[in-house]
K.L.:
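Have a look at this one.
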Amino acid sequence: MKRLALALAAFALPSAVSAQTLRCIQQDQAAALVTFALPSLVQGLAQRCGPELRSNSYLMANAGALADRYRPDAAAAWPAARTAIAGIFTQFLGQEMPPEMNSDLVRQLAEPLLGNLLAKRISTTDCVAADSAISAAAVLPGRNVGRLAIVAIMLADRKDKGIAGVLHICRPEIRP
C-alpha cells in the first residue's frame, strides 16, 4: 500500500522533476482515472471552493448527491483506472504493480487520494467557472464527464503539463 501511495503521490511532483521520465497516458485510461475519481473530486472541490461560492451554488447545494450519482460509473471505471495506476506505478517506481494491489482496499484508498489531488489542482479563482461547468455537466453520466474532462484538459493544455502538472495525455495522431 505504501507503494501505491508513492505512485499516486507522484502526481504531486513538480513537472520539471518527472517530465523527463514520463510517457503519456492513453486518453481512455485518463478518462477512466477522472471518472474513477469523480465522487471524491466533486466533494473535494466543494470543500475547496466553499469559501468562494454562495451556499446556493450548484456545487455547494448538490455535491453529495452528485458524488453519490457518480459512484456506479466510478466503480465501473475501476478496471481501466487500475490499469492506468499500474502504468503510473511502473513509471515512477520502476517495477510492476503487485497483483495483490488490485484489492478493494486499494480502490478505496486510491479514489479519495486521486480525487482530492485533482481538486487541489483547481485554483480557487476558478471556483465559479468550475461550479458552472459542473452544473452544465451534471445531467451527464460520470463516464461522459470523465471523457469531457480529458478533452477540456487537452484543449486547455497548451504547455503540455497534463493532468495535475505531471500526467501527460497522449495526443491523437493527425492523419494526412
Side-chain angles (χ1 to χ4, degrees), residues 4 6-45 66-67 69-97 101-102 106-107 109-123 126 129-176:
L4 175 65
L6 287 172
L8 291 174
F11 278 120
L13 292 173
S15 59
V17 172
S18 57
Q20 66 264 14
T21 61
L22 194 60
R23 64 173 171 75
C24 64
I25 184 171
Q26 295 300 316
Q27 292 177 31
D28 59 339
Q29 287 185 346
L33 279 174
V34 172
T35 303
F36 169 68
L38 273 176
S40 288
L41 174 58
V42 167
Q43 291 177 316
L45 200 52
L66 190 57
R69 194 167 65 74
Y70 286 151
R71 286 190 205 295
D73 280 339
W78 169 241
R82 189 218 176 272
T83 300
I85 291 169
I88 295 165
F89 187 98
T90 301
Q91 280 186 262
F92 283 101
L93 299 178
Q95 59 185 338
E96 295 291 318
M97 192 163 103
M101 292 184 76
N102 194 24
V106 171
R107 184 175 62 89
L109 291 172
E111 188 253 330
L113 181 64
L114 183 57
N116 289 325
L117 181 64
L118 291 172
K120 287 179 183 174
R121 293 304 208 170
I122 304 291
S123 170
D126 293 329
D131 180 65
S132 179
I134 289 168
S135 174
V139 298
L140 299 173
R143 65 186 175 279
N144 291 21
V145 174
R147 282 189 247 153
L148 279 174
I150 295 307
V151 170
I153 289 168
M154 290 177 64
L155 289 173
D157 187 14
R158 300 288 182 228
K159 295 182 181 179
D160 198 29
K161 291 184 179 180
I163 298 174
V166 176
L167 191 61
H168 300 274
I169 303 167
C170 300
R171 301 275 179 188
E173 291 184 27
I174 299 173
R175 295 181 185 178

K.L.:
If I compare all heavy atoms of Phe36 with all of Ala77, which pair ends up nearest, and what's the gap?
P.N.:
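Distance-wise, the nearest heavy atoms are N-CB, 3.9 Å.
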K.L.:
Does the side-chain contact (heavy atoms from CB on, under 4.5 Å) test come out yes or no for Asp73 and Val145, once each step is laid out?
P.N.:
CA-CA 10 Å; Asp73 280 339; Val145 174; over 6 Å; no
K.L.:
Quick check: closest heavy atoms across Ser40 and Gly115, and the distance to 0.1 Å?
P.N.:
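Scanning both residues completely, I find the closest heavy atoms to be CB-CA, 3.9 Å.
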K.L.:
Testing the basics here: between Ala30 and Ile169, what is the closest heavy-atom pair and its distance to 0.1 Å?
P.N.:
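The pair with the smallest heavy-atom distance is CB-CG1, 4.1 Å.
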K.L.:
To the closest 0.5 Å, what do you measure between CG (Asp131) and CG (Leu45)?
P.N.:
8.5 Å
K.L.:
Can you list everything that forms a side chain to side chain donor-acceptor pair (under 3.5 Å) with Thr83? Sequence neighbours excluded, please.
P.N.:
none
K.L.:
Measuring from Cys170:SG to Ile150:CD1, what's the distance to the nearest 0.5 Å?
P.N.:
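Interatomic distance, Cys170 SG to Ile150 CD1, rounded to 0.5 Å: 11.0 Å.
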K.L.:
To the nearest 0.5 Å, tell me how far Ile122 CD1 sits from Lys120 NZ.
P.N.:
13.5 Å
K.L.:
On a heavy-atom basis, which atom in Val42 and which in Tyr70 lie closest, and how many Å separate them?
P.N.:
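In this case the closest contact between Val42 and Tyr70 is CG2-CE1, 3.8 Å.
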K.L.:
Show your reasoning for whether side-chain contact (heavy atoms from CB on, under 4.5 Å) applies to Trp78 and Glu111.
P.N.:
CA-CA 9 Å; Trp78 169 241; Glu111 188 253 330; over 6 Å; no
K.L.:
Restricting to non-hydrogen atoms, name the atom on Ala32 and the atom on Ala80 that form the minimum distance, rounded to 0.1 Å.
P.N.:
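Nearest pair, atom of Ala32 first, then Ala80: CB-CB, 3.5 Å.
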K.L.:
Can you list every side chain to side chain donor-acceptor pair (under 3.5 Å) pair that touches residues 24-33, not counting sequence neighbours?
P.N.:
none
K.L.:
Roughly how far, to the nearest 0.5 Å, is CG of Leu33 from CG of Leu38?
P.N.:
11.0 Å
K.L.:
Is there a donor-acceptor contact under 3.5 Å from the side chain of Asn116 to the main chain of Pro112?
P.N.:
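Checking the backbone N and O of Pro112 against the side chain of Asn116, a donor-acceptor pair under 3.5 Å is found.
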